[in-house]
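Following: one structure in structure tokens, then a few remarks.
In this text, all values refer to a predicted model and were calculated from it rather than measured experimentally.
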Amino acid sequence: DGELQTDGNRSGHLQNGELVFDPEVNEDVVRTIAAQLAEIGDQLDKEIKAKVVNDLVQHFLNENLSREEITRCLSQAVEGLARAIPSDLEQEKAMLVLAMLLTKKVANRVPSLLQRVFSTTVNYISQHLHNYIVRMVS
């Protein structure tokens, strides 16, 4: 599905024992989008209060929460922060950046949560922002 890889490599998969790369993506477009998201992230980073991050950390540390429940917690945090975003910033773009910022902050606070917070964020983005990402890249 033309996955965006965080390490800058093209995504691919094994098919009949052979490595098959996914369709080409315009690298310049991806770099431009990444630069824009990073710039927005730098601006929004100051808006995220420690309490929001601490609350998310506690949810991620709770082993009794299902994948759906933890995704709902992340979604509520993103939506709560998005309400305070200036109206001149596209809502979906802000929510994408906020989800990534929260992921970074939780993983920085408790590195052992990296896998859980990353997979939850991917799940959240797939559920709520997939169509936006497809439109943005095309």
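A donor-acceptor contact shorter than 3.5 Å links the side chain of R116 to the backbone of F60.
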Can you check side chain to side chain donor-acceptor pair (under 3.5 Å) on Q36 and T32, steps first, answer last? CA-CA 6 Å; Q36 291 172 354; T32 301; over 6 Å; no
Mind running side chain to side chain contact (heavy atoms under 4.5 Å, CB included) on L113 and F118 for me, showing each step along the way? CA-CA 8 Å; L113 291 175; F118 178 79; over 6 Å; no
Anything under 3.5 Å between a donor and an acceptor, one on a side chain of residues 89-102, the other on a protein residue two or more places apart or in another chain? List them.
from: E92; atom 1: OE1; to: R135; atom 2: NH2; distance (Å): 2.8

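Here the straight-line distance linking atom CD of E68 with atom OG1 of T120 works out to 10.0 Å at 0.5 Å rounding. Atoms CD1 and OG, from I70 and S119 in turn, are 9.5 Å apart once rounded to the nearest 0.5 Å. Atom CG of residue L65 and atom CG of residue N62 lie 4.0 Å apart, to the nearest 0.5 angstrom. Taken to the nearest 0.5 Å, the CG atom of N64 stands 13.0 Å off from the NE2 atom of H59. For the atom pair CD1 of I125 and OG of S75, the computed distance is 11.5 Å after rounding to the nearest 0.5 Å. Note: T121 OG1 to K104 NZ = 13.5 Å, rounded to the nearest 0.5 Å.
Only one option out of L74, V106, V122 pairs with V117 in a side chain to side chain contact (heavy atoms under 4.5 Å, CB included); it is V106.
In the hydrophobic clustering of this structure, Y124 groups with V57; members are Ile, Leu, Val, Met, Phe, Trp, Tyr whose side-chain heavy atoms approach within less than 4.5 Å, directly or through other members. Follow the hydrophobic side-chain contacts under 4.5 Å out from L61 and you reach V53 in the same cluster.
No more than 12 heavy atoms of other residues, nucleotides or ligands sit less than 6.0 Å from atom CD of E39. Within 6.0 Å of NZ in K105 there are more than 12 heavy atoms belonging to other residues, nucleotides or ligands.
Looking at heavy atoms from C-beta onward, Q127 lies in side-chain contact with T71 at the 4.5 angstrom threshold.
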